[in-house]
Trainee: 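Questions regarding the structure given below will be posed in turn.
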2 protein chains.
Amino acid sequence: MPRAGLSAAAVAAEAADLADTEGLGALSLKAVAQRLGVASPSLYKHVAGLDGLRREVAVLAAREFGEALGAAAMGRSGPDALRSVAAAYREFARTRPGRYAALNTAPPPEDTEAAAAFRRAAEVLAAVLRGFGVAEEDLVDEIRALRAALHGFADLEARGGFGLPDDVDRSFDRMVERSIAGLRSQTTASDAQAPSGRR
Amino acid sequence: MPRAGLSAAAVAAEAADLADTEGLGALSLKAVAQRLGVASPSLYKHVAGLDGLRREVAVLAAREFGEALGAAAMGRSGPDALRSVAAAYREFARTRPGRYAALNTAPPPEDTEAAAAFRRAAEVLAAVLRGFGVAEEDLVDEIRALRAALHGFADLEARGGFGLPDDVDRSFDRMVERSIAGLRSQTTASDAQAPSGRR
DNA sequence: CACCTCTGGCTAACTTAATTAGCTTTTCAG
DNA sequence: CTGAAAAGCTAATTAAGTTAGCCAGAGGTG
């Protein structure tokens, strides 16, 4: 009965790793407990059951995701920033598929901590587009289009939706360049510089 | 003990409806059996357990999805076809979210029946793009970009990923027009007319 | 150093859903 | 009319989540 020295963070991290390697669907209290060398009821001292565990994983993933995108955007702007962020987005989804999948459940609005973690990633995209020269009035539409393209690609790739062996990297690069070209054609010269920045 | 008159198709249809109304995650043998007025073990006479039920729902959904896209493309070509198919795609995802979600698990390649059902939808997109004038060598990339945009948008919308109330219809229309513009700019005049057509 | 209390882990017990086994009755071909 | 396959059922098993309540160990305190 030596203490296992767990914590909510340690449990969430182990759960996230399990999700990455075995798939989010394989995430269970039982499996996480075994990996940590404890009995499953012990986890209740750290997380609020299976739902709570999922929530912790989602928050952890959202934080890491936001950080990854933010780091990719740092020191860059315009097309350069977009390429870098897009690459980081896909890279995250590929290397941490369980975490990425965990992101795809919007947290309830009353869970402000989770919502904040989720918002960060969206804000990076907003910043990139705004710095790209997108007018404030078009920003919401542009963010949605960009998110759709990136998420759709990452999700299809992760699920094996791209059946053909054809070079997926090239497809992605082309899609990103297409987005850049579209943004350019639409940007109205006004370099935009407004305050707010959600979604 | 009057016979309930079930069949694999009837079970799958009930399951798909349940998934649409309660969410794919709520799909269980228990719930489907209750809706059909039978005991859960009875379902085993029609489907191969929970996994089998999921598979049936996926195949059903794939067929309906392919039909919906095909119908939308019929009699149209070029931008007109793309707009119509895109609208049908989103409409399907919105009105039948459980079925749409069920589509997002690629069937194992050895399940040829399921694979065929899934392929049909992809072929409609391929046909639209090919008839659009996309060169055969670019087709794979273009299909992937289009699928990514449509799936990403539909998926984010379904999951409540678009937090803001801003007009989602407009965002979608703009994204589709952006795709059309991108295709136009890239189309190389060669009107293309090659045989094969998967993915 | 002895003691006290809180924390973290454990075992036992309960619930729900999936699944299997084996029984029974309906249906319908002959 | 008869008999067998099909379609439902009940009973029983297994796995996972969850709750309740016990117990030891860690750390602070007199």
Side-chain angles (χ1 to χ4, degrees), chain A residues 1-61 98-99 101-102 105 107-108 111 114, chain B residues 1-61 98-99 101-102 105 107-108 111 114:
Chain A
M1 319 105 195
R3 292 288 172 93
L6 296 185
S7 67
V11 172
E14 192 67 38
D17 288 349
L18 190 161
D20 282 339
T21 56
E22 305 293 322
L24 187 59
L27 182 59
S28 69
L29 291 173
K30 193 80 172 296
V32 172
Q34 283 183 336
R35 282 178 156 232
L36 292 169
V38 300
S40 32
S42 303
L43 296 182
Y44 283 78
K45 289 287 161 71
H46 303 287
V47 298
L50 184 57
D51 286 344
L53 180 64
R54 293 203 181 106
R55 186 260 181 196
E56 296 298 329
V57 171
V59 172
L60 172 68
R99 285 168 161 85
T105 299
D111 186 346
Chain B
M1 320 110 202
R3 291 286 172 94
L6 297 185
S7 68
V11 172
E14 191 67 39
D17 288 349
L18 190 162
D20 282 338
T21 56
E22 306 292 322
L24 187 59
L27 182 59
S28 68
L29 291 173
K30 193 79 173 298
V32 172
Q34 283 182 338
R35 283 177 154 232
L36 291 169
V38 300
S40 32
S42 304
L43 297 182
Y44 284 77
K45 288 286 161 69
H46 304 287
V47 298
L50 184 57
D51 286 343
L53 180 64
R54 293 203 182 106
R55 186 260 182 195
E56 296 299 329
V57 171
V59 172
L60 172 68
R99 284 167 162 86
T105 298
D111 186 346

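Naming: A, B, ... by sequence-line order, numbering from 1 per chain. In this text the structure is predicted, and so the values were computed from the model without any measurement.
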Trainee: A/L36 versus A/L6: any side-chain heavy-atom pair under 4.5 Å?
Mentor: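 Yes, close enough: below the 4.5 Å cut-off.
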Trainee: Charged N to carboxylate O under 4.0 angstrom, A/D17 versus A/R35?
Mentor: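 Judged by the 4.0 Å cut-off on N to carboxylate O distance, A/D17 and A/R35 do not form a salt bridge.
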Trainee: Which of the following nucleotides, D/dA7, D/dC9, D/dG17, is nearest to the side chain of B/H46?
Mentor: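 For the B/H46 side chain, the nearest candidate turns out to be D/dA7.
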Trainee: Can you tell me how far P of C/dT19 sits from CZ of B/R54, to the nearest Å?
Mentor: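 So the two atoms are 9 Å apart, to the nearest Å.
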Trainee: With DNA chain D as reference, determine whether B/S42 or A/L50 sits nearer its 5' end, using the nearest nucleotide of each.
Mentor: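 This one resolves to B/S42.
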Trainee: Rounded to the nearest angstrom, tell me the gap between atom OH in B/Y44 and atom P in D/dT13.
Mentor: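 In whole Å, D/dT13 P and B/Y44 OH are 17 Å from each other.
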Trainee: Of the candidate nucleotides D/dC9, C/dA17, D/dT18, which contains the atom at the shortest distance from the side chain of B/A39?
Mentor: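 The answer is D/dC9.
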Trainee: Output the single nucleotide from C/dT20, D/dA16, C/dC10 whose closest atom is nearest the side chain of A/S28.
Mentor: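 Shortest atom-to-atom distance from the side chain points to D/dA16.
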Trainee: Roughly how far, to the nearest 0.5 Å, is the CG atom of B/L24 from the CZ atom of B/R54?
Mentor: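 The distance works out to 7.5 Å.
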Trainee: To the nearest Å, give me how far apart CG (A/L43) and C1' (D/dG17) are.
Mentor: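 The distance from CG of A/L43 to C1' of D/dG17 comes to 11 Å, rounded to the nearest Å.
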Trainee: By nearest atom, which of the nucleotides D/dA20, C/dG9, C/dA18 is closest to the A/L6 side chain?
Mentor: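 For A/L6, the side-chain atoms sit closest to C/dG9.
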Trainee: Can you check the B/Q34 CD to C/dA18 P distance for me, whole Å?
Mentor: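 Going from CD in B/Q34 over to P in C/dA18 covers 10 Å.
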Trainee: Find the distance A/R35:CZ to D/dA16:P and express it as a whole number of Å.
Mentor: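 After rounding, the reported distance stands at 15 Å.
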Trainee: Less than 4.5 Å apart, side chain to side chain, heavy atoms only: is that true for B/L53 and B/L43?
Mentor: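 They are not in side-chain contact.
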Trainee: Calculate the interatomic distance between A/L36 atom CG and C/dG8 atom P; express it in whole Å.
Mentor: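 After rounding, the reported distance stands at 14 Å.
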Trainee: Rounded to whole angstrom units, what separation is found between the NZ atom of A/K30 and the P atom of C/dC10?
Mentor: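 In whole Å, C/dC10 P lies 14 Å from A/K30 NZ.
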Trainee: Quick one, B/V59 with B/R55, criterion side-chain contact (heavy atoms from CB on, under 4.5 Å). Give me CA distance, side-chain angles, the key distance, then yes/no.
Mentor: CA-CA 6 Å; B/V59 172; B/R55 186 260 182 195; 3.8 Å; yes
Trainee: Rounding to an integer number of Å, can you tell me how far B/K45 NZ sits from D/dC9 C1'?
Mentor: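 Whole-Å distance recorded here is 9 Å.
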Trainee: Give the nucleotide from the list C/dA21, C/dG9, C/dA18 with an atom nearest to the side chain of B/L29.
Mentor: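 The listed nucleotide nearest to B/L29's side chain is C/dA18.
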